[in-house]
Structures are given as structure tokens and as C-alpha cells.
2 protein chains.
Amino acid sequence: MKRALTKRQNQIFEFIKKYTIENHKPPTIREICKKFNFRSTNSAYSVLKALEKKGYIQRTNLKARNININNFKFDRTQTELKEIPLVSTFDAQNPLTMFTNLNGTIKLDAKIFDTPPSFAVEVTDDGMQKEGILKGDIAIINQNSELKNGSIVFAVIKNEGLIRQYKNENNEIYLIPSNRGYGVLKFKEGDKNLWIGGEVSLIIRKLNR
Amino acid sequence: MKRALTKRQNQIFEFIKKYTIENHKPPTIREICKKFNFRSTNSAYSVLKALEKKGYIQRTNLKARNININNFKFDRTQTELKEIPLVSTFDAQNPLTMFTNLNGTIKLDAKIFDTPPSFAVEVTDDGMQKEGILKGDIAIINQNSELKNGSIVFAVIKNEGLIRQYKNENNEIYLIPSNRGYGVLKFKEGDKNLWIGGEVSLIIRKLNR
DNA sequence: CAATATACTGAACATTTGTTCAAAAATCAA
DNA sequence: TTGATTTTTGAACAAATGTTCAGTATATTG
């Protein structure tokens, strides 16, 4: 059970939340001081320490604006949330433009991942149907995991995104569907028209849509 | 009209947006440098200046993490988390005992549900494989939704839990697998050995276990 | 072509920001 | 009351972060 906050601690905690919402970033210690007319930075600093001790925020030392507000007020277990963008436009030659037109974000319990995911994408075809990955599913992609033959990956071909099985043989990359109705795609390593976004680490399907 | 960005400027701009979404604060100049393997902080700094000049961001001098993205939509809606129990023992005659021996809990972003879910359960067989529900998946169950013929449900038969398609005809309940290797189960309505836990509203699958 | 913008390096410097130490007063619970 | 926690001050220090200067190189544009 989380310990209750004192009046002052709550004032400062509320200010931090408000500031973060309004400014898209947490305040610095001195900004807190200014708000509450503190003459010493330690006034705010010690309250931050108390908030951290009581589990309301998390911080890492020596970083500017490093207040992370814990979202779960009623939880005993410290749950870390990972917020990831849901991408909807693709460009193999400019993968980063994907993050311009977002379809919102998805928050996921970080503890269900071994390594943090990078982004989410909606599955657009039934090419991996036999693997149980269906059109309309949300695939969570891990951008940094090492690709092995057999990995299920998210690949962008020109302006289209696909989920396929990955195979690299003799500097040729094969994108293999599990469903016979779809063809195997073959690329030379380094082909500018192909970008492998990463490995699929999680599938989420909402039923009854 | 905003001037177009160069490739590099766009890469960095997109990184800033992604970072901000994920971390609820903009990156520092040195964090940008690290991402792009810049040896000089001025590499990132000068791009920031260019982005500002072209009207994509705004900055205030000498402040840490002082990047404000213009016209950027932040999803600041307070995410409500729903914590649901992951059940692992079943008893059709005493359904509530399921919640005594929990296998932990799962927290999910409430906004992805139309109606709040009741509990989660691990799928124990491949009886619904053709529906893309595989052994080992986590099924999120909605206890209160109305059952229709064709609904995918979680059913407890004696001490076993199953995911099946539901059909009620002439006061007989049929539990129908999608996979031929499994048989159709038939029960009289009111049979104490059968308890329908609810409708499956979400499927979560972790890959690479 | 010349001028301008872009893309980087490297090193210093200035400012902001976080941290620590010492201390005192106020508040609160046992 | 006593002791622990909280609240605040003040000063100094350490680390992070932003800024500037000088220089190289390439591409772009009028």
C-alpha cells in the first residue's frame, strides 16, 4: 500500500503533473522552487526524494528534468508503462517518416517484454495467417533485436508494410508468408526498397469488432 | 508555408518526436548525438537551429530539453489502467475459486476495450488454432457480455478451461473447436459441470519465448 | 562561378541543473 | 515530552547541458 502524501508533497506532486501536461516535459527543481517561492533548491529536492521514496515518481540521478510520474496510484507492484507509437504510413527509403503520421499510441505493461518494443503497427494482410497472425491484429515491433532466419519481422517494401518470416541466405533476403496464397519476396541485401523494421515481439487482437 | 526538411533534418526531427512520445520529454542535444553517432554536440545543435529556423520546433536558450515541437498532437488523455487477474485453476462448480490461486496480474490500457474485461487466462490447447488463437496465448475474458451463437468463449468443464466457439440450440450448449482434431462438446443448459466464464475480447501473444 | 546552406569535427566555455552538507524551525505520532 | 519526519534555508560543488568559435567538406542555388 502506498503511503499517503503530506499536504506539501501533494501540492508539489500535483504541480509536477500539471506542468508536465502543459509543457510536455517535467519541471526542473528550480522551476518547482520558483513556483513555491523556495529560496533553496533543497526544499524542492527533498520533497522529490520523499515522493520517490513513497513510490509516486521515479528519477535517475543527475539528469535534467528527470521526473517520471508513476501512473498507477493504487498498485503495490511497481509497473512501468511503455508508450509506443502506432504507425500507419511507411517508406522503406525513409523509415523514420513513419513516425510523422501516427495513429495514436499504445501503452503496454513493460514487464511483459524482455526487451523494450519500438512501435506498433496494424497487420494489413493474412500472409501469416497460419502462424495465427491475422489481418487487423496489432503487431508490436522490437527494432533492436537481432534477426535470425525464421524470425517473424515487420518489413517495409517501398510504401507497404508487411509481417513475414525472415530468411537471409547468400546475401539474399527472403520474406516468406505462412499462407500459400501469398508469394515469397526476394531482395538483395542492401536493396533500398526494403527496410526491415524489426522483429515482431507481441501480437494483440481485439475480437468482436 | 513551411520549408521542406533535408533528409538529415527529417531524421532528427522524427527522432525527437518519437523520443518525446516515449519519454514524455524531449531529448537533450547529447542524447540526439548518441542516437546518430555524432562526435560533436554541434552536429545536433546546428540541425536544431535549422529546424527552428524552418519553423518545425521552438526553443528557449540555455534550458535543458528545450525543444517544443510545433503543431504536435500529444495524447495526454489520462490513461486508465485496468489490472486483471491471470487465473490458472478452474472449477466449473465453484467458479470463484479461480481467483484464489492467481498467476499474477496483467495491466492493460483501458481505452482498448469497449467494455471492461474481467480476467485473463492462458490458452491451453490448439482447439481454436484456425481462428488464430494458439496454445500459450493470453485470452482476456469479458464476463458480462451477452453470449451469442458464434461467440468465442472461455468455458470451464469440471476443472479444465477451454477456449471454444459457443452455440446454444434447443437448450443444448455446444462448444465447437475450429480445429478438426478436437471434438465438439455438448452440454445440457444448467449442467453443473459447465461454466461459461465469458467472451474472449482480446488475444495477446508473446513471440520468441 | 560565387554565395549560401548543409553536414560534420573538436575544443572550449557558460549556464543550467542536480546533489550534498550543515543547520534550524515546525509538525506529528508515540 | 520525546523523537522522528517534514519543511525550509544557505552555500558550495559536481555534472549535465547548451552555446560559441574555428575549421573542413560537400552540396545547392542564384
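What you see below is based on every heavy atom in this structure, not just the backbone, and it leaves out hydrogens, waters and symmetry mates. Throughout, a chain's letter reflects where its sequence line sits, starting with A, and its residues are numbered from 1.
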Open item on the list: Should the side chain of B/Ser40 and the base of C/dG10 be counted as holding a donor-acceptor pair, with the cut-off at 3.5 Å?
Closed with: yes
Open item on the list: Classify A/Asn42 by what it touches in the nucleic acid, base, sugar-phosphate, or nothing, heavy-atom distance under 4.0 Å.
Closed with: base
Open item on the list: Using OP1 and OP2 only, check whether a side-chain N or O of A/Arg39 sits under 4.0 Å from D/dT8.
Closed with: no
Open item on the list: Does B/Tyr45 reach a base, just sugar-phosphate, or nothing at all? Heavy atoms under 4.0 Å.
Closed with: base
Task: Ion pair check, A/Asp191 and A/Lys186, cut-off under 4.0 Å - done: no
Open item on the list: Over all strands shown, is B/Arg8 touching base, sugar-phosphate only, or nothing at heavy-atom distances under 4.0 angstrom?
Closed with: sugar-phosphate
Task: Salt bridge flag under 4.0 Å for residues B/Asp137 and B/Arg205 - done: yes
Open item on the list: Need the bend value for the helix from C/dC1-D/dG30 to C/dA30-D/dT1: angle between end axes, 5 pairs each end, nearest 10°.
Closed with: 50°
TODO: Determine: side-chain N/O of B/Ser46 to OP1/OP2 of C/dC8, distance under 4.0 Å, yes or no.
DONE: no
- [ ] Decide, yes or no, whether a salt bridge links A/Glu31 with A/Arg65 under the criterion of side-chain N to carboxylate O below 4.0 Å.
- [x] yes
Open item on the list: At 4.0 Å (heavy atoms only), tell me whether A/Ser43 reaches a base, stays on the sugar-phosphate, or touches nothing.
Closed with: base
TODO: Please state whether the phosphate of C/dA7, meaning OP1 or OP2, lies under 4.0 angstrom from any side-chain nitrogen or oxygen of B/Thr6.
DONE: yes
Task: D/dT28 phosphate, OP1 or OP2, under 4.0 Å from B/Lys7 side-chain N/O - done: no
